[in-house]
Amino acid sequence: MEMSELRALLTPAGLELLDALGPVTSTAEAAAAVSRLRAAGHSPDLVSAVVGQAHLRAKATAKFGPFAARMLFTRAGLEQATRLGVAARHAQRIRRAGLTSVADLGCGIGGDALAFAGAGLAVHAVDADEVTAAFAAYNLAPFGEDATVRHATAEEALGEPVPGQAIWMDPARRTSGHSETRRVSADDYSPSLDWAFAVAAQRPTGIKLGPAHDRDRLPTDAETQWVSADGSVVELVVWSRELAREGVRRSALVIRGERSHELTGSADAEDAPVRALGAFLHEPDGAVIRARLIGDVARSLDAGMLDPRIAYLTSDAALTSPFVQSFRVRETLPITPKTINAALKTHGIGRIEIKKRGVDVDPAAFRRKLTLRGDAEATLILARFGDQRRAILADRVPAAD
């Protein structure tokens, strides 16, 4: 968004027009809204800003629920924003540590800051981008003086230590500009990771990073927590000092809907022994894999590794866990379309989910070679174990609560 559009939007008339327009969910709806508003005599800057915000509000519902209907967004800010349910858990950790305020150094559009303020923490937020900071100030306005926002860099805003204050940073991908997210290397983060980790060594800090961040470049004296939400690994958080839990160096937080489950360890877990394919195959949650706690999950299920190089577990017991998706094995087959099609016909399978690990197969291309007829459904898992490439025809087991 350009500054001219921002000025047109942040007026009583502009905000009233946005609220009256409602959500815009498609390109066709956006085009129709632009034509209607321009015909009504509104300026190009205001129309562009209002329609753009209405579209972003519709997209933001997945992260912010009903709160999205009164928020303002930049495109990059929405992409980078923490889901509100995840941010609420960050706020709970800060409260449990006995801290009372947060300096959010790189607040974006204010996703985490909203959760911090909602949990009763005083928030002092900054962002290096002027438009983004303005939107964060609008989003946090309902909290009054308990949540302040200013336009500044993290380095400018740090200041001297404040008793009871936590530091929160989201340096990944935070580049100048606000319309698009530009993928950059960790060496180009702003603030730099060296600076962020130096702050974390001195003050209670949470640093949000991408879940695929190089583990070798993480502090060894902090807690590293991988977070998944509804099946997708969404972030890695480095927690330091009072915000790191005693004896915990690895954590996998698995969130499904309103419920969450956590697995912790003092170090990477030792892998479980390899064993032959049993009656059940278990796929660990991505957060568990990233945290390298697969071995602990395997032992909790009395399961073994299918292959030492592949993150699949197997067991004979019909046990479920919130840290895995379990599949009941029907049969194993060679990875040949002819053989698999015969099995699909026998079982009357008309809908198939294809998963793969450790084999060089394009699932979309492989699907086109399958003949699917019938009312049943199943999962086809293409995997390598030992020196074999096999197809496992299986059924999903309902996830554990």
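Nothing here was measured: the structure is a model prediction, and the numbers come from that model. Side chains are part of it too, since the values below use all heavy atoms of this structure and drop only hydrogens, waters and symmetry mates.
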Exam field: side chain Lys356 to backbone Val361, donor-acceptor pair closer than 3.5 Å: yes
Which residues pass the side chain to side chain donor-acceptor pair (under 3.5 Å) test with Asn341, sequence neighbours left out? none
Donor-acceptor contact below 3.5 Å, side chain Arg89 vs main chain Gly85: yes
With Tyr312 via ring pair (Phe, Tyr, Trp, His ring centres under 6.0 Å) - residues at least two apart: none
Once ring pair (Phe, Tyr, Trp, His ring centres under 6.0 Å) is applied, do any residues pair with Phe64, and if so which ones, sequence neighbours excluded? Phe73
Pairwise distance OG1(Thr332) to CZ(Arg390) - rounded to 0.5 angstrom: 4.5 Å
Please collect all side chain to side chain donor-acceptor pair (under 3.5 Å) contacts where either partner lies in residues 21-39, sequence neighbours excluded, each pair once. Thr25-Glu29
Does some side-chain heavy atom of Leu293 sit less than 4.5 Å from a side-chain heavy atom of Phe323? no
Please answer whether the main-chain N or O of Val234 pairs with a side-chain N or O of Ser232 as donor and acceptor at a distance below 3.5 Å. no
Here the pair of heavy atoms bringing Pro322 nearest to Val254 is O-CG1, 3.7 Å
According to the side chain to side chain donor-acceptor pair (under 3.5 Å) rule, which pairs have a member within residues 278-294, sequence neighbours left out? Ser228-Asp285, His282-Ser315, His282-Ser326, Glu283-Lys355, Glu283-Arg357
Taking everything shown except Asp214 itself, do over 12 heavy atoms lie less than 6.0 Å from its CG? yes
Side-chain heavy atoms of Arg367 within contact of Ile352, under 4.5 Å: yes
Partner of Leu17 under side chain to side chain contact (heavy atoms under 4.5 Å, CB included), picked from Leu37, Thr11, Val47, Leu9, is Leu37
Sequence neighbours left out, what pairs pass ring-ring contact (aromatic ring centres under 6.0 Å, His included) with at least one residue falling in residues 237-260? His90-Trp239, Trp168-Trp239
Test of understanding: with side chain to side chain donor-acceptor pair (under 3.5 Å), list the residues that count as partners of Thr336, not counting sequence neighbours. Thr339
Arg396 side chain reached by Gln325 side chain, heavy atoms, under 4.5 Å: yes
Which salt bridge (charged side-chain N to carboxylate O under 4.0 Å, His left out) pairs, counting each pair once, include a residue from residues 138-153, with sequence neighbours left out? none
CG (Asp362) with more than 12 external heavy atoms under 6.0 Å: yes
For Thr264 versus Asp296, what's the shortest heavy-atom pair and its separation? O-OD2, 4.5 Å
Please determine whether a side-chain nitrogen of the Lys or Arg among Asp271 and Arg309 lies less than 4.0 Å from a carboxylate oxygen of the Asp or Glu. no
Separation of Leu372 CG from Ile349 CD1 (nearest 0.5 Å): 8.5 Å
Could you work out, with side chain to side chain donor-acceptor pair (under 3.5 Å) as the rule, every residue matching Arg93, not counting sequence neighbours? Glu223
Considering only residues two or more places apart or on different chains, which pairs with a residue in residues 362-388 satisfy ring-ring contact (aromatic ring centres under 6.0 Å, His included)? none
Which value, rounded to the nearest 0.5 Å, describes the distance between Leu253 atom CG and Trp226 atom CH2? 13.0 Å
Pairs where residues 52-70 contributes a residue and the test side chain to side chain donor-acceptor pair (under 3.5 Å) is met, not counting sequence neighbours: Asp19-Arg57
So, His151 and Glu156: side-chain donor and acceptor under 3.5 Å apart, yes or no? no
Just checking, is any N or O donor in the side chain of Glu262 or Gln225 under 3.5 Å from an acceptor N or O on the other one? yes
For the backbone of Asp45 and the side chain of Ser48, can you confirm whether one donor and one acceptor N or O come within less than 3.5 Å of each other? no
Would you say the side chains of Thr224 and Arg250 form a donor-acceptor pair under 3.5 Å? yes
Are side-chain heavy atoms of Leu277 and Ile392 found at a separation under 4.5 Å? yes
Compare all side-chain heavy atoms of Leu313 with those of Leu281 and state whether any distance is below 4.5 angstrom. no
In chain order, what residues pass the side chain to side chain contact (heavy atoms under 4.5 Å, CB included) check against Arg351, with sequence neighbours excluded? Glu377
Looking at Leu10 and Ala134, what are the two nearest heavy atoms and their distance? CD1-CB, 4.4 Å
When you compare the side chain of Leu370 with that of Leu380, does any pair of heavy atoms fall below 4.5 Å? yes
Out of curiosity, Ser101 OG to Ile94 CD1, how far, rounded to the nearest 0.5 Å? 9.5 Å
Would you say Asp307's side chain and Gly386's backbone share a donor-acceptor pair under 3.5 angstrom? yes
Can a salt bridge be assigned to the pair Glu242 and Arg203 using a cut-off of 4.0 Å between side-chain N and carboxylate O? no
For Gly111 and Leu84, which heavy atoms make the closest approach, and how far apart are they? O-CD1, 4.1 Å
So for atom OH, which belongs to Tyr138, do other residues, nucleotides or ligands contribute more than 12 heavy atoms lying within a distance under 6.0 Å? yes
Rounded to the nearest 0.5 Å, how far does CG of Leu382 lie from CD1 of Ile335? 5.0 Å
Under 4.0 Å between a Lys/Arg side-chain N and an Asp/Glu carboxylate O for Asp268 and Arg215? yes
Can you check whether Gly257's main-chain N or O pairs, donor with acceptor, with Asp230's side chain at less than 3.5 Å? yes
If you measure from OG1 on Thr82 to CG on Asp170, what distance do you get to the nearest 0.5 Å? 6.0 Å
